[in-house]
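Only one structure is covered here, and it is reproduced in the block below.
By convention in this document, chain letters (A, B, ...) are assigned in the order of the sequence lines, proteins followed by strands, and residues within each chain are numbered from 1. Just so it is clear, the structure is predicted and the values come from calculations on it, not from any experiment.
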Number of protein chains: 2
Amino acid sequence: MNDGVDSWIANEFSGVCPVRDLLDRIGDKWSVMVVLRLGRGTERFRALLRAVDGISQRMLTVTLRALEADGLVHREVFDTRPPSVAYSLTPLGVSLLVHISALANWAMEHESEVKEAQAAFSAKTAKAAGEH
Amino acid sequence: MNDGVDSWIANEFSGVCPVRDLLDRIGDKWSVMVVLRLGRGTERFRALLRAVDGISQRMLTVTLRALEADGLVHREVFDTRPPSVAYSLTPLGVSLLVHISALANWAMEHESEVKEAQAAFSAKTAKAAGEH
DNA sequence: CGGGATCCAGCCTGATACTG
DNA sequence: CAGTATCAGGCTGGATCCCG
């Protein structure tokens, strides 16, 4: 399953790495949250703003533009009054959503394990500091 | 498949979201690259530094500490001379690697589609700007 | 409603130098 | 070899104001 992984990390033949690119794109603070939300279905700007907890208007706009530029999100403008814009995932976006959802599920399933590890680690370092 | 996703985005009952936590943890510039590299097997600090293209010594240390604190990476010190430290994925880290690898594969498979979308988008916006 | 533009603070990061 | 410490700068992202 890991065949081909080797070349992702350091590629002597090219300065670019597709994984790096992906991370630079959706590794920001909000992209994944927006994609996950749009995975539920088409949604308007204002609805997204309310749905994605903590995001600012500016960052939602910026994030949506980036996702649109990457072909992950489709933007449709309705010439109504007041103006209305609907966002939805493209097929490409849906294909990515599958993997993001898997990652999200992992996060939920292993939440407690990570917290235990963190507790154990901080206890260990605190002890080491005490002995200094 | 998406059952339960709803609560990830906005949770009125708690300020924390496991997905947000995961992203804050491994959504940084280097964590994913290091995990992917360690997916190949145990590796020493200096070897990792050479393998992960572009990372600085400082950031490798910081990244490894964080991954260790989260229980994703195991650190083993050998009391030799000169000192030697080996890093490897924990079972938890391996379970995450599976999904990260899937994401990395997605990135490679859809690289061209994303680039086409970007080209189309920039052409579209350039045209719109021209008409201003 | 759905944005665009601007300003600005904070954090992340890289470079560099030093230690055991 | 495997770190730690310090510092400076760039970029991310939040707040705010304005427009169609």
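- Using a 4.0 Å heavy-atom distance criterion, B:Y87 is classed as a sugar-phosphate-only contact.
- When the side chains of ILVMFWY residues are joined at heavy-atom separations under 4.5 Å, either directly or via intervening members, A:V85 and A:I55 end up in a single hydrophobic cluster.
- Of all non-hydrogen atoms in A:A86 and A:T42, the two that sit nearest each other are CB-CG2, 3.7 Å.
- If you take CG of A:L48 and C1' of C:dG3, they are 14 Å apart, rounded to a whole angstrom.
- With DNA chain C read from its 5' end, the first of the two nearest nucleotides for A:R46 and B:D28 is the one closest to A:R46.
- Counting to the nearest Å, the C1' atom of D:dC1 and the CG atom of B:L60 are 13 Å from each other.
- Proximity of A:R81 to the phosphate of D:dG20: no side-chain N or O atom is located under 4.0 Å from OP1 or OP2.
- If you take CZ of B:R50 and P of D:dC1, they are 6 Å apart, rounded to a whole angstrom.
- Set against D:dG14, C:dG20, C:dG2, the side chain of A:M59 has D:dG14 as its closest nucleotide.
- Atom CG of B:L49 and atom P of C:dT13 are 16 Å apart (whole Å).
- Atom P of nucleotide D:dG13 and atom CG of A:D24 are separated by 12 Å, given to the nearest angstrom.
- Each of A:K29 and A:Q57 lies near DNA chain D, and the nucleotide nearest A:K29 is the one positioned closer to the 5' end.
- For A:R58, counting side-chain heavy atoms from C-beta on, the closest listed nucleotide (D:dG3, D:dA15, C:dG3) is D:dA15.
- At the phosphate of C:dG2, OP1 or OP2 sits under 4.0 Å from a side-chain N or O atom of A:R44.
- For B:F45, taking side-chain heavy atoms from C-beta onward, the closest of the listed nucleotides D:dG3, C:dG14, C:dC1 is D:dG3.
- One can place CG of B:D79 at 13 Å from P of D:dA2, the figure rounded to the nearest angstrom.
- For B:T61, taking side-chain heavy atoms from C-beta onward, the closest of the listed nucleotides D:dT4, D:dG13, D:dC1 is D:dT4.
- Between the CG atom of B:D53 and the C1' atom of C:dG14 there is a distance of 15 Å, given to the nearest Å.
- In this structure, the side chains of A:V98 and B:W106 stay at 4.5 Å or more apart for every pair of heavy atoms.
- Under 3.5 Å, the side chains of B:S31 and B:R25 contain no donor-acceptor pair of N or O atoms.
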For this session: Walk me through it: do A:L67 and A:L38 pass the test side-chain contact (heavy atoms from CB on, under 4.5 Å)?
Result: CA-CA 11 Å; A:L67 292 174; A:L38 287 178; 5.6 Å; no

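- Atoms CD1 (A:I55) and P (D:dG13) sit 10 Å apart, rounded to a whole Å.
- Considering only the side chain of A:R65, C:dG4 comes nearest among C:dG4, C:dG2, D:dC1.
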